[in-house]
Amino acid sequence: MTGPQHTGPQSEETKLRRAVCPGSFDPITNGHLDIIARASKLYDVVHVAVMINQSKQGLFTVDERIDLIRRATAEYGNVEVESFHGLLVDFCKQRDIPAIVKGLRAVSDFDYELQMAQMNNGLSGVETLFVPTNPTYSFLSSSLVKEVAAWGGDVSHLVPPFVLDALTERLRKKQ
């Protein structure tokens with residue numbers, strides 16, 4: 001006797017569990033990578049969405065960020081990286097993604113992220129999974145990394161080595 005037969009376009013055998021990790025990632029940090037790595041163990045496909053905010057001028061272009069993220073996540077094998085402009089729920093709808101994975105560094109993150117999660121769910125039914133950040137990275141943000149690096153501080157333990165090289169080079173050119 002064979003196992004159960006699945007019918008229909010979305011059988012349990014073919015439906016991939018998808019989630020998205022959104023952010024600006026300017027640049028990607030070890031804190032971001034911790035959340036992405038953990039999501040990659042829970043989902044079949046993790047989309048990393050580099051959200052484009054045209055009112056903000058990033059240190060790295062969107063294409064540079066995508067390249068750095070692809071390099072940093074290559075070992076996971078189930079991470080797809082792309083940019084998106086607009087509402088995150090539209091990104092999710094277009095790709096049949098039912099879940100957003102967000103890292104929470106501190107209680108102060110929760111108020112804002114809860115509002116966003118409730119709005120996203122109300123707009124589209126997309127769920128948000130909150131993952132507590134590894135305590136090692138609870139203080140970490142891209143903005144803080146850029147600021148410390150700009151003043152000559154050591155951020156080598158906060159970003160992958162090739163991100164540190166790109167960051168150092170970019171800040172050197174800005175001076």
Side-chain angles (χ1 to χ4, degrees), residues 17-60 62 65-66 68-69 72-73 75-76 78-93 95 97-161 163-164 166-167 171:
R17 294 169 301 144
R18 298 177 176 278
V20 62
C21 292
S24 59
F25 305 103
D26 187 36
I28 191 162
T29 68
N30 290 341
H32 293 131
L33 289 171
D34 175 58
I35 299 300
I36 294 166
R38 290 159 66 192
S40 76
K41 293 176 186 172
L42 299 172
Y43 292 93
D44 298 317
V45 180
V46 175
H47 297 262
V48 176
V50 179
M51 305 305 285
I52 301 170
N53 183 345
Q54 293 179 334
S55 66
K56 286 175 121 180
Q57 178 63 37
L59 183 62
F60 293 97
V62 171
R65 289 182 236 169
I66 289 171
L68 291 171
I69 297 166
T73 60
E75 69 184 85
Y76 306 132
N78 64 339
V79 174
E80 297 180 9
V81 185
E82 59 190 300
S83 64
F84 190 75
H85 182 290
L87 294 175
L88 181 59
V89 293
D90 291 337
F91 179 91
C92 292
K93 279 189 225 176
R95 291 156 183 82
I97 299 171
I100 300 165
V101 176
K102 299 287 296 216
L104 291 179
R105 294 174 291 197
V107 173
S108 57
D109 287 347
F110 183 73
D111 287 335
Y112 174 76
E113 294 297 348
L114 179 61
Q115 288 176 344
M116 292 298 297
Q118 292 170 331
M119 177 63 77
N120 289 337
N121 185 266
L123 288 171
S124 67
V126 172
E127 296 292 348
T128 301
L129 174 70
F130 294 121
V131 179
T133 301
N134 180 322
T136 303
Y137 307 120
S138 63
F139 65 92
L140 188 53
S141 71
S142 294
S143 299
L144 188 57
V145 166
K146 288 184 289 193
E147 185 174 345
V148 170
W151 287 103
D154 179 12
V155 295
S156 61
H157 59 294
L158 305 176
V159 296
V163 173
L164 178 63
L167 180 60
L171 291 172

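Residue numbers count from 1 along this sequence.
Rounded to the nearest 0.5 angstrom, Met51 CE and Asp26 CG are separated by 14.5 Å. Within the model, atoms CG of Leu164 and NE2 of His157 stand 11.0 Å from one another, a figure rounded to the nearest 0.5 Å. Atom CG of Leu68 sits about 12.0 Å away from atom CZ of Phe25, to the nearest 0.5 Å. Rounding to the nearest 0.5 Å gives a distance of 9.5 Å between CG of Asn30 and OG of Ser156. One finds the CD1 atom of Ile69 at 11.0 Å from the CZ atom of Phe60 (value rounded to the nearest 0.5 Å). Separating the CG atom in Asn120 from the CD1 atom in Ile100 is a distance of 4.0 Å, to the nearest 0.5 Å.
Ser124 and Val89 get closest at one heavy-atom pair: OG-CG1, 3.3 Å. Here the shortest heavy-atom pairing between Val155 and Val145 reads CG1-O, 3.8 Å. In terms of heavy atoms, Ala37 sits closest to Tyr76 at CB-OH, 3.4 Å. Between Cys21 and Ala39, the shortest heavy-atom contact is SG-CB, 4.1 Å. Across all their heavy atoms, Lys146 and Leu167 have their closest contact at CG-CD1, 4.3 Å. Of all heavy-atom pairs between Asn121 and Glu127, the closest is ND2-OE2, 3.3 Å.
Inter-residue side-chain proximity for Leu33 and Pro160 is flagged as met; some heavy-atom pair is nearer than 4.5 Å. Using a 4.5 Å cut-off on side-chain heavy atoms (C-beta onward), Thr133 and Asp109 make no contact. Counting only heavy atoms from C-beta outward, the side chains of Leu59 and Pro27 never approach each other to under 4.5 Å. At a threshold of 4.5 Å between non-hydrogen side-chain atoms, the residues Thr29 and Leu144 do not count as touching. Using a 4.5 Å cut-off on side-chain heavy atoms (C-beta onward), Glu113 and Leu104 make contact. Looking only at side-chain heavy atoms (C-beta outward), His32 and Ser142 come within less than 4.5 Å of each other. Residues Leu129 and Tyr43 are in side-chain contact: their nearest non-hydrogen atoms beyond the backbone lie under 4.5 Å apart. Side-chain contact between Thr128 and Met116 is absent, with no heavy atoms from C-beta onward closer than 4.5 Å.
Under a cut-off of 6.0 angstrom, the local environment of CD in Glu147 is sparse, with at most 12 non-hydrogen atoms contributed by other residues, nucleotides or ligands.
Evaluated for a side chain to side chain contact (heavy atoms under 4.5 Å, CB included) with Cys92, the options Val20, Leu123, Leu87 yield exactly one hit, Val20.
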Checklist entry - Passes side chain to side chain contact (heavy atoms under 4.5 Å, CB included), Phe84 versus Arg95? Steps please. => result CA-CA 12 Å; Phe84 190 75; Arg95 291 156 183 82; 4.2 Å; yes
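Judged by distance alone, with hydrogens and angles left aside, the side-chain atoms of Arg105 form no donor-acceptor pair with the main-chain N or O of Tyr137 at under 3.5 Å.
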